[in-house]
Amino acid sequence: MNKLIVFNFKMAPASFTEVKEVFHIFKRFSQKVKPNKIIIVPPYVYLAEASNIFEKECSLGAQDVFWFNRNSATGEISPKMLKSLGVEYVIVGHSERRKYFNETDEIINSKIKACLSNDLTPILCIGEKNRKEGDSSLSFRIKKILFEQLNYALRGVILENSSDLIITYEPVWAISANQPKELEDPEEIQKTISLIRFWLARRFSEKIAKNMRILYGGSVNSQNIIPFLSLKEINGVLVGRVSTNKIELTKLLKKLIK
Ligand code: PGA
């Protein structure tokens, strides 16, 4: 099983001492979980430490990026700065950034283009906010939301290879911060992922659609990671809250060892 596991630390942990403990757990397990590939995505302030600690065993991602390389953008981080620390991936369009920072589709599109032109791989997050009565992964309302998000985010984007972009389907209602009552059914996720592939084939090519990595995110933990990963259509998962919970993280990583 060769799947991609992205660990989005979000805005945690609160101290440098704690993040070093979390990195140590990844260091202990990252070779053992192969051929699965781990991408760790800590907050900016811990990226330099991660880049010192990890060699090739874990890849490094950032939670955001500014859309230009220039000096006058107080508080922001440029693609070049990330590259200089060995960052390879950037999460773009996460629902928490759409919500708290009013990130528009236009900004998301600019960030995707900035990543591509600086040789960083964007991990584009898309997903519907809620489910209404009678909605399923294939209902017209959900299709419309997902296709619109893809259309705007990838407007004018040219992809040379399927590995230039990663997509994560994250139904916002299933993210742990929202304390979901129910989890998305893995079979339903497979259907949604097939739908995203259908869109990619029409927008790019059959080949890109077939080979692009499409992940699932939303309350992935040590209990449900294996059922998610064992489905053929799901090329990996994006783990949020568990990434910095030392006990849960250890349990989850142990599950990945064959
Ligand atoms: P969660 O977060 O695993 O805590 O639900 C996923 C994410 O980063 O959105």
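Only this structure's heavy atoms are used, side chains among them; waters, hydrogens and symmetry mates stay out. Start at 1 and go down the list; that is how both ligands and their atoms are numbered.
- Taking distance alone, with nitrogen or oxygen atoms compared against 3.5 Å, I175 stays at or beyond that limit from ligand 1.
- Note: the hydrophobic cluster containing L238 does not contain I108 (ILVMFWY, side chain heavy atoms under 4.5 Å, direct or indirect links).
- Looking at E188 and K191, a side-chain N of the basic residue comes within less than 4.0 Å of a carboxylate O on the acidic one, giving a salt bridge.
- Not a single heavy atom of G217 sits under 4.0 Å from any atom of ligand 1.
- In this structure, the ring of F23 has its center no less than 6.0 angstrom from the ring center of Y46.
- The contact set between ligand 1 and N8, taken as ligand atoms under 4.0 Å from a residue heavy atom, comprises 8 (O).
- One distance of note links NZ of K3 with CG of L215; it measures 10.0 Å at 0.5 Å rounding.
- Remark: ligand 1 atoms within the under-4.0 Å shell around heavy atoms of R241 are 1 (P), 3 (O), 4 (O).
- The N/O atoms of E96, backbone and side chain alike, include none that comes under 3.5 Å of an N/O atom in ligand 1.
- In the vicinity of H94, heavy-atom distances shorter than 4.0 Å reach the ligand 1 atoms 7 (C), 8 (O), 9 (O).
- Contact of the K210 side chain with the R197 side chain is not registered, since no non-hydrogen atoms from C-beta on lie closer than 4.5 Å.
- Using a 4.0 Å cut-off to heavy atoms of S219, the atoms of ligand 1 that qualify are 1 (P), 3 (O), 5 (O).
- Short contacts between ligand 1 and G218, defined as distances under 4.0 Å to a heavy atom of the residue, involve ligand atoms 5 (O).
- Put simply, the side chain of I91 reaches to within 4.5 Å of the side chain of C125, judged on heavy atoms.
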